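Structure record follows, encoded as structure tokens.
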Amino acid sequence: SPGGDAASPASPGGSPTTGAAGSPGAAGDPNDLLATIRSAGVIRVSTDPKYPPQSELTPNGTFQGFDIDVANEIAKRLGVQVKFETPNFDQVVAGGWAGRWDISVGSVTITQERQNVLDFTEPYYYTPAQMAARKNSGITSIEGFAGKTVCVGAATTYFQWLQGKLQLAGDAPQPATPPQGVKVTTRETDTDCVADPRSGEGWLSSSTTVANALESRQGQQYQPVGDPVFYEPLAVATDKKGPPHAELQAELDRIIREMHQDGTLSRFSEKWFDGLDLTKANR
């Protein structure tokens with residue numbers, strides 16, 4: 001995968017904490033993934049190299065975006081460096097990572113199906129799922145996509161929703177009913193839909209990704225249609241089949257809560273999403 005060896009510019013921050021409660025000097029489980037990460041001084045993070053403004057591999061070989069800032073800050077608070085990996089999204093949500101990366105900070109939505117193979121932190125932000133149509137398609141409403149072809153990223157919640165199979169986890173409001181008879185085509189990642197003129201009349205992605213694409217030359221052929229069709233709770237994910245990671249999971253949750261409380265996540269959101277704070281579940 002491109003960019004798998006690109007290291008982040010994150011620098012170790014402060015004195016690392018140890019143990020599920022994050023108390024300095026607490027004795028940790030030497031078999032837990034957290035101990036392995038701290039021993040190596042590196043956390044391997046999967047993310048998408050073509051999903052701006054959440055994550056993007058730039059021409060000079062570095063990563064940038066909201067998810068990248070979140071991953072770097074997690075590493076800083078763990079006292080380690082980041083090494084980004086870029087597997088296909090369907091490999092991430094399938095679980096069974098075989099130790100190729102430690103965590104995913106790649107805007108993974110918490111769904112009932114994914115909870116069978118992945119463990120999740122509490123959400124670090126929430127995004128609206130937004131339909132868009134090619135301007136020459138004549139589509140001006142959600143119902144107008146009935147019988148049309150809509151492009152999505154493979155194995156995404158957008159794909160599941162169009163198939164009528166999406167079940168969000170927890171107390172998240174369940175999505176609306178998709179357009180009848182819609183045909184679905186997939187690409188490796190959401191933004192590949194915009195670049196491919198054969199991808200159909202419609203596109204479904206996060207509102208943030210749609211808004212970012214509309215500013216590009218290729219994206220100008222699209223326009224957003226209707227209200228968001230659902231709202232996604234997005235979290236850091238770990239592999240249920242991976243090494244024991246109870247302490248790592250607890251530490252990740254502690255860090256996410258801390259980043260909510262101290263305003264770090266809100267600042268990152270406003271930086272990358274045109275002043276919007278998408279870190280609150282007030283939908």
Side-chain angles (χ1 to χ4, degrees), residues 1-13 33 37 40-93 97 99-109 118 120-121 123-125 127 153-156 187-195 205-213 215-216 218-219 232 234-239 248 252 255-256 259 264-274 276 278-279:
S1 298
D5 293 326
S8 87
S11 58
L33 184 55
I37 289 167
V42 173
I43 187 166
R44 296 167 300 163
V45 178
S46 72
T47 198
D48 192 324
K50 295 188 290 183
Y51 196 55
Q54 284 87 335
S55 53
E56 181 180 21
L57 179 60
T58 67
N60 67 7
T62 61
F63 288 82
Q64 66 178 18
F66 174 74
D67 280 339
I68 303 305
D69 281 0
V70 172
N72 283 334
E73 186 66 21
I74 288 172
K76 178 181 176 181
R77 296 186 190 209
L78 285 173
V80 297
Q81 297 279 332
V82 174
K83 182 184 179 193
F84 286 109
E85 304 288 348
T86 56
N88 292 348
F89 189 71
D90 56 354
Q91 295 176 301
V92 175
V93 296
W97 300 345
R100 290 169 291 175
W101 55 90
D102 302 315
I103 66 174
S104 172
V105 187
S107 294
V108 182
T109 303
L118 300 176
F120 290 97
T121 63
Y124 60 98
Y125 81 121
T127 54
T156 59
R187 298 294 184 267
E188 184 177 307
T189 191
D190 300 24
T191 53
D192 288 343
C193 295
V194 177
S205 186
S206 79
S207 62
T208 53
T209 303
V210 171
N212 188 79
E215 297 177 3
S216 69
Q218 291 173 321
E232 307 180 89
L234 303 138
V236 178
T238 50
D239 182 16
L248 173 63
L252 290 171
I255 289 172
I256 294 299
M259 290 167 69
T264 299
L265 288 170
S266 294
R267 288 194 297 274
F268 289 162
S269 176
E270 290 167 356
K271 169 185 173 184
W272 289 103
F273 303 139
D274 293 327
L276 296 176
L278 299 178
T279 67

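The analysis underlying the following values was restricted to heavy atoms, covering all of them including side chains, and did not include hydrogens, waters or symmetry mates. This is a predicted model, so every value here is computed, not measured.
- Side chain of Ser269 to backbone of Leu278: a donor-acceptor contact under 3.5 angstrom is found.
- The ring-ring contact (aromatic ring centres under 6.0 Å, His included) check on Trp272 picks up nothing, with sequence neighbours excluded.
- Rounding to the nearest 0.5 Å places CG of Leu276 at 11.5 Å from OG1 of Thr127.
- Considering only residues two or more places apart in sequence or on other chains, Thr238 meets the side-chain hydrogen bond (donor to acceptor under 3.5 Å, both in side chains) condition with His245, Gln249.
- A distance of 10.5 Å separates CD1 of Ile255 from OG1 of Thr121, quoted to the nearest 0.5 Å.
- Going from atom CG of Leu33 over to atom CG of Asp102 covers 5.0 Å, rounded to the nearest 0.5 Å.
- Put simply, the side chain of Trp97 gets close to the backbone of Val92: a donor and an acceptor are under 3.5 Å apart.
- With hydrogens and angles ignored, the 3.5 Å screen pairs no side-chain donor or acceptor of Asp69 with any backbone N or O of Phe268.
- Between the CZ atom of Phe89 and the CD atom of Glu188 there is a distance of 12.5 Å, given to the nearest 0.5 Å.
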Take Glu73 and Thr264, measure what side-chain contact (heavy atoms from CB on, under 4.5 Å) needs, and give me the verdict at the end. CA-CA 9 Å; Glu73 186 66 21; Thr264 299; 4.0 Å; yes
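- Here the closest heavy-atom approach between residue Asp67 and residue Tyr124 is recorded as OD1-OH, 2.7 Å.
- Side-chain N or O atoms of Arg77 include none that pairs as donor or acceptor with a backbone N or O of Asn72 at under 3.5 Å.
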Given side-chain contact (heavy atoms from CB on, under 4.5 Å), test Ile256 with Ile74 step by step and report yes or no. CA-CA 8 Å; Ile256 294 299; Ile74 288 172; 4.1 Å; yes
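- Among residues two or more places apart in sequence or in another chain, the side-chain hydrogen bond (donor to acceptor under 3.5 Å, both in side chains) test is passed with Thr58 by Asn60, Thr62.
- Scanning for ring-ring contact (aromatic ring centres under 6.0 Å, His included) contacts around Phe120 gives an empty result, with sequence neighbours left out.
- Side-chain atoms of Asp90 never come within 3.5 Å of backbone atoms of Ala155 as a donor-acceptor pair (strictly under, hydrogens ignored).
- Ser266 is linked by a side-chain hydrogen bond (donor to acceptor under 3.5 Å, both in side chains) to Asp277, Thr279, Lys280, counting only residues two or more places apart in sequence or in another chain.
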Check step by step if side-chain contact (heavy atoms from CB on, under 4.5 Å) holds for Ile68 and Thr47. CA-CA 8 Å; Ile68 303 305; Thr47 198; 3.8 Å; yes
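- At distances below 3.5 Å, at least one donor-acceptor pair connects side-chain atoms of Thr191 with backbone N or O atoms of Lys50.
- Inter-residue side-chain proximity for Tyr125 and Ser107 is flagged as met; some heavy-atom pair is nearer than 4.5 Å.
- Side-chain atoms of Tyr51 and Asn212 form no donor-acceptor pair, as typed in the model, at a separation below 3.5 Å.
- In this structure, NZ in Lys83 is found 13.0 Å from CD in Gln81, a value given to the nearest 0.5 Å.
- Nearest heavy atom pair, residue Ser55 against residue Asp48, reads OG-O, 2.6 Å.
- Without hydrogens or angle criteria, Gln91 side chain to Asn88 main chain gives a donor-acceptor distance under 3.5 Å.
- With sequence neighbours left out, Ser206 forms a side-chain hydrogen bond (donor to acceptor under 3.5 Å, both in side chains) with Gln54, Thr208, Thr209.
- Below 30°, between 30° and 60°, or above 60°: for Phe63 and Phe84 the angle between ring planes is between 30° and 60°, a tilted geometry.
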Would Ile103 and Asp239 count as a side-chain contact (heavy atoms from CB on, under 4.5 Å) here? Give the steps. CA-CA 7 Å; Ile103 66 174; Asp239 182 16; over 6 Å; no
